[in-house]
Structures are given as C-alpha cells and as structure tokens.
**Q** 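So that we are looking at the same thing, I have put the structure below in structure tokens.
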There are 2 protein chains.
Amino acid sequence: MSISSRFSVGIHILTLIEIDKDGVSSSEYIARSVNTNPAVIRKIMGMLKKAGLIKVQPGIAGAELARDLSDITLLDVYKAVNVVKDNELFSIHENPNPDCSVGRNIQNIIEPHFISAQTALEKTLENVTIENVVNDVKDNEKLNSKH
Amino acid sequence: MSISSRFSVGIHILTLIEIDKDGVSSSEYIARSVNTNPAVIRKIMGMLKKAGLIKVQPGIAGAELARDLSDITLLDVYKAVNVVKDNELFSIHENPNPDCSVGRNIQNIIEPHFISAQTALEKTLENVTIENVVNDVKDNEKLNSKH
DNA sequence: TCAATATGTAACTACAATGATTACAGGTAA
DNA sequence: TTACCTGTAATCATTGTAGTTACATATTGA
C-alpha cells in the first residue's frame with residue numbers, strides 16, 4: 001500500500017506554477033515537467049481548483065495560485081487530491097464477532113489510536129508550505145550552479 | 001487508499017491470544033472471532049510468527065505470545081504484517097523532467113517531508129502496546145457488565 | 001500404525017484503486 | 001471560423017486486498 005502519487009504531483013504542480021509564474025503553465029507544459037499525460041494533470045488540477053488552491057479557466061491556457069504561497073500547506077494539497085478519506089488512513093476489519101469479548105470491543109478500542117497516528121501525520125504535513133518547497137528548489141538550483 | 005486491515009486483524013489476533021491464554025487459540029477459533037476465513041488468519045499469523053511476536057507450530061493447535069504483552073507495540077504489529085514498506089507510505093511520481101528546475105529537484109525536496117510525516121505516524125503507534133489494548137478490552141467488559 | 005486434526009501455503013477469484021491513454025464536448029481569443 | 005485550451009468520460013493494464021478451496025506436512029491419541 002502506498003498513498004497515491006497524486007499528492008506529490010499536486011505539490012509539483014503548485015511549485016511549478018509559482019516558479020514559472022511569469023510564463024504560462026498549461027496542462028501540457030506541466031505534464032512535460034512531471035513526465036505524464038496532460039489529462040492526468042488536468043484531473044489533478046481540477047481537484048486543486050475545487051479545493052480553492054489554484055485558478056484555472058476553461059479555454060484559457062495556464063493557471064495561477066489562488067492563495068499566497070505561504071498559506072498553502074502540504075496538508076491542504078493532501079486533502080485536495082483526495083488520496084485518503086477523513087479518518088480512514090487505516091482500515092479496520094468489519095463485523096468482528098459480537099459474542100466474543102475481543103470481537104465486540106476491538107473496533108472502538110483501536111480506532112482512537114489509528115486516528116491519533118493519522119493526526120500526527122497530518123500535523124507534520126501542515127508544518128510545510130509550498131513556499132518552503134519553492135525556496136528549497138531555488139536554493140538547490142543556486143548550489144548546483146556554483147559547480 | 002487505506003492501510004490494509006491486516007493491521008487491525010493482527011492486533012485482534014494478539015489480543016485474543018492473550019485474553020484466552022488459558023484456552024487454545026486455533027486459527028479456526030480466531031477466525032470466528034475476527035469473522036473471516038481461517039486461511040486468512042493463518043497467513044497473518046505466519047507474518048506475526050516471522051516477526052517473532054508469536055509462537056506457532058505446524059500440527060499443533062493454538063498459539064502463544066513470544067514476548068511480554070508490554071513489549072509488543074502497535075508499531076511492531078504494523079511492521080510485522082507488512083502493510084507499508086519502509087519509508088514508502090507516500091509514493092512519489094517517478095522520472096520527472098530533469099530539464100526543468102522543479103523536475104530535477106522535486107523528489108529530493110519532498111522525500112524528507114514525507115519521511116517525517118511517516119515517522120510521526122509510526123512514533124504514535126510505538127506508544128501503544130498490546131497490554132494497553134488488552135486492558136482496554138477488560139475495562140470495557142467490566143463497565144458493560146454493570147448494566 | 002493409522003485416523004483425526006492442525007498449521008503452512010499455493011492457486012484462484014472478485015473487487016477496487018491507480019495511472020495512462022484516447023476522445024471529445026465546450027470555452028476562449030486572434 | 002480556426003486554433004488551442006480546459007473539463008471529463010470511457011477504457012485498459014497493473015497491482016493490492018480479501019476470501020475461498022485444496023492440499024502437503026506435522027502432531028497426537030487410539
């Protein structure tokens with residue numbers, strides 16, 4: 001099991017839109033950078049748009065961020081691209097035997113621990129913004145240009 | 001996407017073995033409590049055995065914990081049942097375009113953030129033991145028997 | 001020794017999610 | 001009107017999950 005790469009692609013898209021904000025970030029252009037199909041990019045951009053992270057218009061090439069760089073966290077992207085349903089990162093087996101003391105209690109006992117773990121993960125993602133990622137890209141580029 | 005219920009079933013199995021330690025926890029008995037097929041239970045028990053969490057022997061009915069209750073964490077179970085590969089909870093799209101400043105940096109920039117988030121999740125799981133779960137089951141049973 | 005019973009495991013199935021691809025409807029602008 | 005874009009549906013190959021059946025292998029009691 002792995003969380004869909006829609007998440008990392010979503011981050012890629014937002015970062016690219018910012019880095020190339022003076023140009024036109026069409027789905028085809030972004031697809032070449034991500035190395036996938038434009039339709040895949042358009043689908044993910046549709047999710048980012050629905051979540052209020054970017055502005056895109058039918059018929060008009062390009063996209064722009066709908067919020068400030070520093071106001072978009074990785075958690076926002078994670079939620080936007082719908083890779084994990086709320087409180088369902090972990091799945092719990094259904095219909096355990098109610099005639100067994102373990103069976104009739106296990107779900108309620110396990111659930112809060114699973115939610116805690118998922119919350120810890122999400123809090124971590126919330127501490128990183130697209131601005132951080134953009135700056136990291138710029139820093140990496142500066143370092144490498146010196147060699 | 002959801003992390004396989006093998007994880008919650010694994011917790012169920014270990015808890016049941018402890019609660020019924022005076023009896024015989026055969027795969028068929030456990031399967032009735034979990035409400036699934038004995039072969040599914042045997043497969044998961046094989047993973048728990050391989051990870052050194054339980055003792056089982058071919059031909060001999062039943063199983064017992066291989067370690068102290070308080071020495072088995074949910075993280076141990078999580079790793080044992082192989083629901084997520086090491087550092088691969090999140091997947092990152094492969095082969096982004098190296099001719100693009102975002103494409104050639106994005107993987108290295110994103111990866112540490114993903115690992116941090118996964119680590120936060122795992123640390124949370126590490127703080128809960130099978131002993132905690134067993135005690136929760138017993139406490140729930142006591143509470144409900146009073147009504 | 002043999003019959004009964006258990007674990008270990010392979011093979012097969014149905015089902016769902018992912019990611020790629022093609023196709024096309026509908027919007028925009030020169 | 002033409003060219004190009006976004007939005008979206010349909011299809012496909014691949015993969016993981018969970019259930020099921022079947023059977024080899026191990027153990028124990030009669």
Side-chain angles (χ1 to χ4, degrees), chain A residues 1-10 12-13 17 23-51 53-64 66 78 81-85 88-96, chain B residues 1-10 12-13 17 23-51 53-64 66 78 81-85 88-96:
Chain A
M1 194 289 315
S2 245
I3 290 173
S4 166
S5 67
R6 280 203 304 278
F7 183 24
S8 64
V9 172
H12 188 141
I13 291 171
I17 289 174
V24 175
S25 294
S26 66
S27 66
E28 199 190 326
Y29 170 73
I30 296 175
R32 272 198 303 273
S33 174
V34 171
N35 190 21
T36 184
N37 193 290
V40 171
I41 296 298
R42 289 199 289 274
K43 189 177 178 186
I44 297 176
M45 287 179 78
M47 295 176 173
L48 297 174
K49 179 183 180 179
K50 193 176 171 189
L53 303 184
I54 61 175
K55 293 179 195 165
V56 201
Q57 284 182 309
I60 303 180
E64 55 180 303
Y78 171 89
V81 297
N82 204 25
V83 283
V84 171
K85 290 180 190 166
E88 290 187 20
L89 173 56
F90 296 93
S91 56
I92 302 181
H93 55 294
E94 295 180 343
N95 307 315
Chain B
M1 194 289 314
S2 245
I3 290 173
S4 166
S5 67
R6 279 202 304 277
F7 183 24
S8 64
V9 172
H12 188 139
I13 292 170
I17 290 173
V24 174
S25 295
S26 66
S27 65
E28 199 189 326
Y29 170 73
I30 297 174
R32 272 198 304 273
S33 173
V34 171
N35 191 20
T36 184
N37 193 291
V40 171
I41 297 298
R42 288 199 290 274
K43 189 177 179 186
I44 297 175
M45 287 178 79
M47 294 176 174
L48 297 174
K49 179 183 181 181
K50 193 176 171 189
L53 303 183
I54 62 174
K55 293 179 195 165
V56 201
Q57 283 182 309
I60 304 179
E64 55 181 304
Y78 170 90
V81 296
N82 204 25
V83 283
V84 171
K85 291 180 189 165
E88 290 186 20
L89 174 55
F90 296 93
S91 56
I92 302 181
H93 55 294
E94 295 180 343
N95 305 316

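Just so we're clear, the structure is a prediction, and the values are computed from it rather than from any experiment. Within every chain, numbering begins at 1; the chains are lettered A, B, ... in the order of the sequence lines, protein sequences first and strands thereafter.
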**Q** Would you tell me if any nitrogen or oxygen in the side chain of B:T36 comes within less than 4.0 Å of OP1 or OP2 on D:dG19?
**A**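 True: B:T36 side-chain N/O within range (under 4.0 Å) of D:dG19 OP1/OP2.
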**Q** Choosing from D:dT21, C:dG27, C:dT22, which nucleotide comes nearest the side chain of B:A39?
**A**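 So the nucleotide nearest the side chain must be D:dT21.
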**Q** Please determine whether a side-chain nitrogen or oxygen atom of A:S5 lies at a distance below 4.0 Å from atom OP1 or OP2 of C:dG19.
**A**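 For C:dG19, OP1/OP2 do have a side-chain N/O of A:S5 under 4.0 Å.
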**Q** Can you tell me the distance, in whole Å, between the CD1 atom of B:I3 and the P atom of D:dT15?
**A**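 Atom-to-atom, B:I3 to D:dT15, this comes out as 21 Å.
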**Q** For the atom pair NZ (A:K55) and CD (A:E64), what is the distance rounded to the nearest 0.5 Å?
**A**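 So the gap between those two atoms works out to 5.0 Å.
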**Q** Please state how far atom NZ in A:K85 lies from atom C1' in C:dA16, giving the value in whole angstrom units.
**A**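 For the pair A:K85 NZ and C:dA16 C1', the rounded distance is 10 Å.
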**Q** Expressed in angstrom and rounded to an integer, what is the separation of A:M45 atom CE from D:dG7 atom P?
**A**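 From A:M45 CE to D:dG7 P: 7 Å.
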**Q** Does B:S25 have any side-chain contact (heavy atoms from CB on, under 4.5 Å) partners at least two apart in sequence or in another chain, and if so, which?
**A**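 Per chain and number, B:S25 pairs via side-chain contact (heavy atoms from CB on, under 4.5 Å) with B:I17, B:D20, B:Y29, B:I30.
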**Q** A:H93 pairs by side-chain hydrogen bond (donor to acceptor under 3.5 Å, both in side chains) with which of B:S5, B:S8, B:S4?
**A**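 Of B:S5, B:S8, B:S4, side-chain hydrogen bond (donor to acceptor under 3.5 Å, both in side chains) with A:H93 is met by B:S8 alone.
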**Q** Does the side chain of B:S4 get closer than 4.0 angstrom to OP1 or OP2 of D:dA18 through an N or O atom?
**A**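 For B:S4, the contact criterion (side-chain N or O under 4.0 Å from OP1 or OP2 of D:dA18) is met.
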**Q** Which nucleotide sits closest to the side chain of B:I60: C:dG8, D:dT28, D:dT17?
**A**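 Given the options C:dG8, D:dT28, D:dT17, the side chain of B:I60 is closest to D:dT28.
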**Q** Return the value, rounded to whole Å, for the distance between atom CD of B:E88 and atom P of D:dT15.
**A**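 Taking atom P of D:dT15 as the reference, CD of B:E88 is at 15 Å.
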**Q** Given D:dA26, D:dC5, C:dG19, which nucleotide is nearest the side-chain atoms of A:A61?
**A**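 Side chain of A:A61 sits closest to D:dC5.
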**Q** Select base, sugar-phosphate, or nothing to describe what B:V40 touches, counting heavy atoms under 4.0 Å on all strands.
**A**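 Counting heavy atoms under 4.0 Å across all strands, the contact made by B:V40 includes a base.
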**Q** Using atom CD of B:E28 as one end and atom C1' of C:dT7 as the other, report the distance to the nearest whole Å.
**A**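 Spelled out: CD on B:E28 to C1' on C:dT7 is 12 Å.
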**Q** Rounded at 0.5 Å granularity, tell me how far CE in A:M47 sits from CD1 in A:I54.
**A**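 Between A:M47 CE and A:I54 CD1, I get 12.0 Å after rounding to 0.5 Å.
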**Q** Reading DNA chain C from 5' onward, which residue's closest nucleotide shows up sooner: A:P58 or A:S2?
**A**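 On the 5' side of the pair lies A:S2.
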**Q** Specify the separation, in whole Å, of atom CE of A:M1 and atom C1' of D:dA18.
**A**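 After rounding, the gap between these two atoms is 16 Å.
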**Q** Among D:dT17, C:dA6, D:dG7, which nucleotide has an atom closest to any side-chain atom of B:R6?
**A**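 Comparing D:dT17, C:dA6, D:dG7 against the side chain of B:R6, the answer is D:dT17.
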**Q** Contact class for A:K49 (heavy atom, under 4.0 Å): base, sugar-phosphate, or nothing?
**A**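 Sugar-phosphate, no base atom in range.
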**Q** Between atom CD1 in B:I41 and atom C1' in D:dT20, what is the gap in whole Å?
**A**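 Computing the B:I41:CD1 to D:dT20:C1' distance gives 14 Å.
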**Q** Answer yes or no: does a side-chain N or O of A:K43 lie under 4.0 Å from OP1 or OP2 of D:dA9?
**A**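 No.
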**Q** Report the distance from atom CZ of B:R42 to atom CD1 of B:I13, rounding to the nearest 0.5 Å.
**A**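 It comes to 11.5 Å.
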**Q** Check the phosphate of C:dT9 against B:R42, side-chain N and O only, distance under 4.0 Å to OP1 or OP2. Yes or no?
**A**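 For B:R42, the contact criterion (side-chain N or O under 4.0 Å from OP1 or OP2 of C:dT9) is not met.
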**Q** Figure out the CD1/C1' separation between A:I44 and C:dT21, and round it to whole Å.
**A**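 Distance check: A:I44 CD1 to C:dT21 C1' gives 15 Å.
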**Q** Whether A:S27 contacts D:dT6 is assessed here as follows: a side-chain N or O lying under 4.0 Å from the phosphate OP1 or OP2. Is that the case?
**A**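 It does, given that an N or O in the side chain of A:S27 lies less than 4.0 Å from OP1 or OP2 of D:dT6.
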**Q** Would you indicate which nucleotide in D:dT28, C:dA20, D:dA18 comes nearest to any side-chain atom of A:N37?
**A**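 Shortest atom-to-atom distance from the side chain points to C:dA20.
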**Q** I want to confirm an ordering. Mapping A:N82 and B:G46 to their closest nucleotides on DNA chain C, which one lands closer to the 5' end?
**A**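 Per heavy-atom nearest nucleotide, the more 5' residue is B:G46.
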**Q** If I take atom CD1 from residue A:I3 and atom OG from residue B:S91, how far apart are they, to the nearest 0.5 angstrom?
**A**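 Taking CD1 in A:I3 and OG in B:S91, the distance rounds to 8.0 Å.
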